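To start, the structure under review is shown below, and the notes come after it.
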Amino acid sequence: MLGTGLLQGLAVTARNLLGSFHDPKRFVTTQYPEERTKLPEAYRNFPFLVSENAVDPMGTLRCVACQICEKECPPQCIYIEKSKDKKADANGKPQLYPAVFDIDLAVCMSCQICVEVCPFDAIKMDQVFELATAERFNGLVLNREALAKPNSYFQEIHPTEAAEVDGRLAADRKAAEDKARAAAAAKAAPKPPSALPPPPPAA
Amino acid sequence: MNAGPAASDPILERLPGLLRDWLLQWLPEPVRWLANSLIVIGCILAVAGLLFAFLTLAERKILGRIQNRPGPNRTGWFGLLQPFADGIKMLTKEDIVPRAADPVLHLLAPVALIAFSVLTFAVIPYGRHLVPVELDGAVLYFFAAGAATELAVFMAGWSSHNKFALLAAMRALAQLISYELPLLLSFVPVVLATGTLSTTGIVAAQAGWRWHFLPHWLVFTPWGAAGFVIFMVSALAESNRSPFDLPEAESELIAGHLTEYSGFKYALFFMAEYFGMCALSGMAVTLFLGGWQAPLPFLEVIPSYAWFAAKILLLLLGFIWIRATLPRLRIDQLTRLAWKFLVPLALVNLGTTAFWLLTAPWAGPLQVVRWAVALALVAGPFLALGRGLSAGLGPRTYRYA
Amino acid sequence: METLEQIRDRLLARFPGSAVALIVNLGPAAQHSLLVDGSHGRAVAEFLRDDPALRLEFCSNMSGVDWPAREVVETAVVAAPDPAGGPPRSVEQKVKRLVPGYLEAVYHLFSIELRHGPVVLRLRTANRTDQVTLPSLTPVWRSCEFQEREAFDLFGIIFEGHPDLRRILMWDEFKDHPMRKDYVEPDDYEWEPTPHGDVLAKARKHYPAGAGAPAAAQGEPRP
Amino acid sequence: MIGPDPFPLSSPPGPQVRPVHDPFHGDLLEVSMGPHHPSTHGVFRMMVTLDGETVVKLKPVFGYLHRNHEKIGENTSYLGSMPYTDRLDYLCSMTNNWAYALAVEKLAGQAVPERAEYLRVILAELTRLLNHTCLAGFLLQDCGASGTPLMYAFREREKILDLFESLSGSRMMCNYQRFGGCRVDPPAGWLEAARTVAGNYGQFLDEYEALLTGNEILMARTQGVGVLPGPLAVSAGVTGPMLRAAGVAYDLRKVDGYGVYPRFEFRVPLGAHGDTYDRYMVRVLEMRESIGILRQALRDIPGGPIMDPKARLRGFRAKPGEVYSRIEGPKGEIGFYLISEGGPNPYRYRVRPPSLINLTILEDLCLGQSIADTVVILGSIDIVLGEVDR
């Protein structure tokens, strides 16, 4: 029992003891409620429904109640009831909307598969993690109103992802408008002789 | 009572004595002695209690800092109220006494443990004239009181009528007894050298400085250093501290002999452990580090009890530092270390001291020979026994496929 | 490593009485397997382990598989008599055949010494109800001890010769075998009503609407 | 009187087993360590029969965390099972994901782009660092060092978990691999951060070895304790660092050469005595090798897509057939045995759990050792109950 190994160990702990006073690398605790660590942008917790603007969240929900996420969700924590009537969505096409959209936060494991499989980018992952509530159902089963958050909030928490999604949606919208305008132009100009090729669609 | 402080001592040195005299002046002569004892007892309990409280906090803060975290800092400013919070928690916790337990013995065990460990504070010289009890056989009294704590540990194990507590109490007893021997053997050389068993005598023998900077503390002699190391290792084991904290941290089996204790009795056990640690550190300072002697002549201005406090806090810091670093020894390794390593070394140390004292009158160059032989007598058995103990253990080299 | 066919032929030569068949794996992974009859299971296993050319001394994985009885539609070529007395014409007919169910133990064997890949060994029980015993290969490869206990626990395959055959994951008083395809989960577990799905439907059975459904008080779980 | 033996011995009991009640030597003591025990790494229980201090019989009992992961796998789509694989060995979610993704890719014959292969190797080696650091911390915690090595280990682990969080969104439940590649491209600066973490991980290891490897008490507590002979390890299907500590050179990264591992040169450390100290040291040396692999992989990672364009996410159906694929996880060989009947759900979904199979020899290692050693031996086997119980 020659003790040299023990002394080496004591030297390491001594260095850490002294280091913790001046070397930030050796003093890693952040006092949580007062100081908060900066969450990385990709951080995900529970999903939320994206609405186009904050003014009328229920009116401009992107979700069209196609129930793909309900089927694909591994723990089956999403519950959707389609609406009977239809309303115009951002592209103006009449679409269904979810009359009821529940997510049971106690069952959801925030695996973001619903975000991956949603073809309409209607559901995205949130970054809120202080969700302690007293009741099991009123607090943890979030309904449509509690889930909906505006697109501006989405751009704030996931900037790069939001930019990419908005770019894609804008492109789709432009393509839809061009097609609609081309269809309208083609419908409006069938009378002139067909020899003349239809005028090119407006830029 | 001890001799009054000399008039020439600086004012701070005489302060405690003056305070006491001022307090006692109104009382008639026969009652004065009783009041004096009560004051001394009150001071000891107050200082020991506060030291225990802030020692637990210091332990958690230093342990935290070593582990790169702040330690308790939520209660009060920098966590200073934490010990009082723990105290209140311990007081308010329900005190469960198992039905099968022997109630009287169950209650008496922590009380006995506290009593014996506080007894040991009576003979430690805290300052130049601050010795609670001036005894000729002070060191003997100290270790006799210290050894009685083993009875209390077994009382705790036996009275809780729990098979595992009894088993763990016997293991704790084995550890305490097997480390009693090196503890006692390591202070015999000090008595040999100073020729007295009284603590004030030992501290007085360590006064003065050689060549104006090296104090006459016994730790600066080869046999003194070896004795000090053996004393500290045994003190670690006696107070169930880190590498030897087998009994109460017996996480492998059950929570040791403290299984059936809760609430304030459980806190008493920990208070007793910290008292034991402080008492043993105090005795180590007295025996080897020159008690309340100042390390350098011009530092005499700082009062003696401050020096004693500084040294004892340094040793307690060492206890905490070791607790933060070293893993635990198994029960058989622990007892083998005591019997096969510390006891033989302590016996050899006796021989070295005898050689050291006999060759004291050697002059000039012979002193170098004297030092060399003494060092050889200390290092030789250490290496031989050390190699024997750790036979087959050692760092290894690894091949790669 | 020699091909599976060569291994099969050597096995047949070595154990004349045994029935060793080659099961073709249709998937791209192409890990074909050897089906061995129960009675010769242990002898074949020891041979595979000790044969100097194979040295399969590492049984990496042992899995139980449940194959319930199922209907297989086969197109059988049947000679249909020609009504005009001509030569009989062969006509495909869809024949529904009921394949009897069985429990299967699949062993994936590797060789550490010779570094060669999985030899898949399959043992099948006679049926899924009473004859569900298979020879335990724990004496051959110690690694099958816990995995065979798991197959016994979750599938109900009884391995004779296993040193310590007890349930490993479920509690000892548990009756059924949960991994079987026809396992019906017990109804009595304290249900946690997610807002929808079969859990709720099952709960509806227990707590007819309005008759003191426990969760009905708070958030009304929708039908 | 202790009733009939509820736990018959699987292997012949140690030499000094004697009748339970012996007037001269006293009774055998039946102790149940767990499931709520400070040093059993989760809900794991050991029924230990003690003759005084030495262990005479030891029966592991588990199943407390059993949620029938394989039945869930058969009732969920291929993609739906991916987040559940994070919960298998919850310390190493990235390697679990990779093992499952590799199995499904072999089942369906799916190709994986270069960049995704490199990313997978980087994440697997980061997971190996993370897991071995945790093990060293837990092992020392079992030996009694009051939390200091564990805190240093967790301080380093946090750096790797931050990398995982900024990449996949969650620290431990990453759900990052898909069939045919990875889910999302590393954000800007992530590869740079990974290089710095891998770069100064070596200093942490030096400090850690200074604290522990030469420590005489640790050597006394672990050398010669729980010796696992090579042939028993092979026969008992022990894999991973435990097998290599017993001296058997079998590392799937070299043997199977899956992913792009053949492009990196690294060495496989081997133990000589097969005891607890060797298991600890082999893992520390493996961490140093992983740092080497990380440096090479982070240097040569190419650009390009991280997901094979033909890969299907939702209605993924594998052609009928079966596959058993395995990778070298930090705890050993983690394998997936999938049988597909062509449907959206696998017909049979079987996980080969290295922790469970490494536990087969727990009793052999602990017979004859003292009770304090069983805790250290269990610590060196490195089990995670999520994977043992599934």
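Everything numeric here is computed off the predicted structure, so don't read it as measured data.
Taking every heavy atom of both residues into account, B/Arg330 and D/Arg221 meet most closely at N-CD, 3.7 Å. In terms of heavy atoms, D/Asn215 sits closest to B/Pro327 at ND2-CD, 3.5 Å. A pairwise comparison of heavy atoms in B/Ala401 and D/Leu270 identifies CB-CD1, 3.7 Å as the closest pair.
Both the backbone and the side chain of D/Thr148 come within contact range of chain B, judged by heavy atoms closer than 4.5 Å. With a threshold of 4.5 angstrom between heavy atoms, D/Arg267 approaches chain B through its backbone and through its side chain. Looking at D/Leu211, the atoms closer than 4.5 Å to chain B (heavy atoms on both sides) all sit in the side chain, from C-beta outward. With a 4.5 angstrom heavy-atom cutoff, D/Val248 does not touch chain B via any of its atoms. If you measure heavy-atom distances from D/Phe154 to chain B, you find no contacts under 4.5 Å at all. Heavy atoms closer than 4.5 Å to chain B are found nowhere in D/Asp251, neither backbone nor side chain. In this structure, chain D has heavy atoms under 4.5 Å from both the backbone and the side chain of B/Thr325.
From D/Ser370, atom OG reaches atom CG of B/Asp332 across 6.5 Å, with rounding to the nearest 0.5 Å.
The greatest number of non-hydrogen atom pairs below 4.5 Å with chain B, out of D/Met219, D/Glu53, D/Gln141, D/Gln223, is found for D/Gln223. Of the residues considered (B/Pro243, B/Ala324, B/Pro395), B/Ala324 shows the highest number of contacts with chain D, using heavy-atom pairs under 4.5 Å. Comparing D/Leu285, D/Thr213, D/Leu218 by how many heavy-atom pairs each has under 4.5 Å with chain B, the most go to D/Leu285.
A donor-acceptor pair under 3.5 Å is absent between the side-chain atoms of D/Glu216 and the main chain of B/Ser390, judged by distance alone.
Around the OH atom of B/Tyr400, the shell of radius 6.0 Å holds more than 12 heavy atoms that belong to other residues, nucleotides or ligands.
Listed in order of number, the residues of residues 56-68 of chain B that approach chain D to under 4.5 Å between heavy atoms are B/Leu63, B/Ile66, B/Gln67, B/Asn68.
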Note to self: Determine whether B/Arg396 and D/Met281 satisfy the following criterion, side-chain contact (heavy atoms from CB on, under 4.5 Å), listing intermediate values before the conclusion.
What the structure shows: CA-CA 9 Å; B/Arg396 296 175 176 162; D/Met281 272 312 289; over 6 Å; no
